[in-house]
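One structure below.
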Amino acid sequence: MSVDEIFEAVVSSRIFRARDRLLPDYIPDELPHRDVQIRRVAETLAPALRGERPSNLFIYGLTGTGKTAVVKHVIRRLTSKASSLGVTVTGIYVNVRHRDTPYRVLADIAESIGVRVPFTGLSTGEVFFRIVRALSRRSGVYIIVLDEVDFLVRRYGDDVLYKLSRINEDLGRARVSIVGITNSVSFMESLDPRVRSSLGEEEIVFPPYNAGQLRDILEARARESFHPGVLDDEVIPLCAALAAREHGDARRALDLLRVSGEIAERRGDSRVTRSHVMAARMEIERDRVSEVVKTLPLHGKLVLASIAALTMGGRTYTTTGDVYNYYRELTRRIGIEHVTQRRVSGLIGELEMLGIVSARVISRGRYGKTRIIELAADPGIIVGSLWEDPALEPVMGDVERDALGKGGGGV
DNA sequence: CGTCCACAGGAATGACGGGCGG
DNA sequence: CCGCCCGTCATTCCTGTGGACG
C-alpha cells in the first residue's frame, strides 16, 4: 500500500465515521446510567454560579465507572452556564497519576491559572505560594479536580491535600473548592482526620456498570463512531461481556470496540466480527504489557524475568526469597551488580502496582512471612516483551528453558 | 505459650540534574 | 558564571511482625 493509499483509506474509512469518539478522552453529551451521579455532582457544584464556594467533593469508584467523564461533563456545563451569567468559574483538572509528584501537581495547577513555573528548581512551598499570590489578586470560583488522587497520597502523604484544603484562608475574594477522585474505597481512611473532614464534605460513590449497562453505553457510542450496519450483532454484547468480567470497566469496553474496528479496517474487512474482538483483546493486552515492560528499569526486568521463570511451569506462584535467589543468579550470569533484597521487594511492589504481577502477604508461621507472587498477565506476552531488551538476551533462553523444565510438576 | 523465620516496609542516604540569586 | 538549594530516583539500613513449631 502506498502512502497515498494509506491516507485515502483512513479518510474514507468503511468502518469508522468518527473514530475519535471512542478514545478515552472523549466526553459524550449523554452518559447513560449516570443520571443520579450527574445530578449529585451538579447539585454540589451549583453554588459556584452564585459566586459561592461549593462544598469539597470526593468521588469513589473503580476504573471505568465514569467518574472522570461525569465530573468533566458537569464542569463543562457549569463553566458555560457561568459565563452566560457573567460569573467567573474556572475548572482545573489534574490527573495525579500522570503528574505523580507534589511538585508536578502544583506546577500543573499553577500553569492552569496562568502562572509560569519551571520544571524543577523551586520548592513545592514556593510553587504553592505563587498559586496563592496569583489567586489572591483575583475573584471567582476555582474548582480543582484531582483525579486518581490516591496515587499522590500513597507515595507522598496528604501534605499537599492539607495545604490545598486550607488555601481559602489565604485568599481574598477568590474561592477554591476541591474535587478528589479515587479508585480506592479505603482511601479516605488513610487520610489525616483534619483533611478528611475538610475534603469529604460531600461524597459520591460510582457503582460499576453491569453487562447490560455497558451494552447501552457501547451502543450509544457506536452510533456516533461507526458507519451504520458495520458491526455484527454479537460484537457489542461480546465487548460488554468481556469488560463486565473486568469489574464493569467502560473504558476497557470502549477500547475493545475501537481496537476491534481498527483491526477490521487494517485487514480490509467491511464488517466487524467476533474474531476481530478476540484479536483486539490480545492486541490490547500485548500493548499494555510491552509498554509497561519497556519502561521498567533493568533490575525490574530481571525481577520480572525471575518471577516468570519460577511460575511459568507447573507452579502457579513463587515467593520473594525464591525470586531474589533466581534474580541474583541472573545478574551473575550477565555480569552486573545485584541490588539488595529490600530493593527487589520494592520492585515486586512496583510490578504489582503496574498490574503485571499480583502479590499478597502471608505468614507461613515458623517458616516466616513472605509474599505470594503470581503473574497477572499472559506469561507468553511477558516473556516476549522481555526478549526485546538486548541486555537480557544472554539469559532469556535459560529463563524460558527453566520455566519449561518445571512443567512436569515436581519440585 | 514463647520463639524465631523470612521477609515487609518505613526512614534515611547518596548521586544527579536543574533553577535561582548574586 | 558560581555556589547553593531543591526534587527525584535508586538504593541501603534497620526495625517490626503473623503464626507454625517445639
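Note on naming: letters A, B, ... go to the chains in the order of the sequence lines (proteins, then strands), and numbering restarts at 1 for each one.
- To the nearest angstrom, C1' of C:dA20 lies 12 Å from CD1 of A:I362.
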Checklist outcome for this item: Once base and sugar-phosphate atoms are separated, protein heavy atoms under 4.0 Å mark nucleotides 12-17 of chain C, 5' to 3', with B, S and - as BB---B

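- Side-chain proximity of A:H299 to the nucleotides C:dT11, C:dA20, B:dC7 is greatest for C:dT11.
- For the pair A:R371 CZ and C:dG18 C1', the computed distance is 16 Å after rounding to whole Å.
- Partners of A:E224 according to the salt bridge (Lys or Arg N to Asp or Glu O under 4.0 Å) rule, which considers only residues two or more places apart in sequence or in another chain, are A:R21.
- With rounding to whole Å, A:Q341 atom CD is found 14 Å from C:dT11 atom C1'.
- For the pair A:S345 and B:dC7, the criterion of a side-chain N or O lying under 4.0 Å from OP1 or OP2 is not met.
- Along DNA chain B, the nucleotide nearest A:T319 and the nucleotide nearest A:R366 are compared for position; the residue whose nucleotide lies closer to the 5' end is A:R366.
- Note: OH (A:Y367) to P (B:dC7) measures 14 Å, nearest angstrom.
- Taking the six-membered ring for Trp and the full ring otherwise, A:F16 and A:F226 have centroids separated by under 6.0 Å.
- Between A:R364 atom CZ and C:dC21 atom P the separation is 12 Å, expressed in whole Å.
- Here B:dG19 presents its P atom at 14 Å from CZ of A:R104, a figure rounded to the nearest Å.
- As a whole-Å value, the separation of A:F128 CZ from C:dC6 P is 18 Å.
- Applying the 6.0 Å contact sphere to OH of A:Y317 captures no more than 12 heavy atoms from other residues, nucleotides or ligands.
- Every residue was checked against the salt bridge (Lys or Arg N to Asp or Glu O under 4.0 Å) condition with A:E30, not counting sequence neighbours, and none meets it.
- At B:dA6, none of the side-chain N or O atoms of A:S363 fall inside 4.0 Å of OP1 or OP2 (strictly under the cut-off).
- Rounded to whole Å, the distance from OH on A:Y103 to P on C:dC6 is 13 Å.
- Every residue two or more places apart in sequence or in another chain that forms a salt bridge (Lys or Arg N to Asp or Glu O under 4.0 Å) with A:R332 is listed here: A:E329.
- Annotation: salt bridge (Lys or Arg N to Asp or Glu O under 4.0 Å) contacts of A:R274 (sequence neighbours excluded): A:E234.
- Applying the side-chain hydrogen bond (donor to acceptor under 3.5 Å, both in side chains) definition to pairs two or more places apart or across chains, those involving residues 285-300 of chain A are A:E285-A:R288, A:H299-A:Y327.
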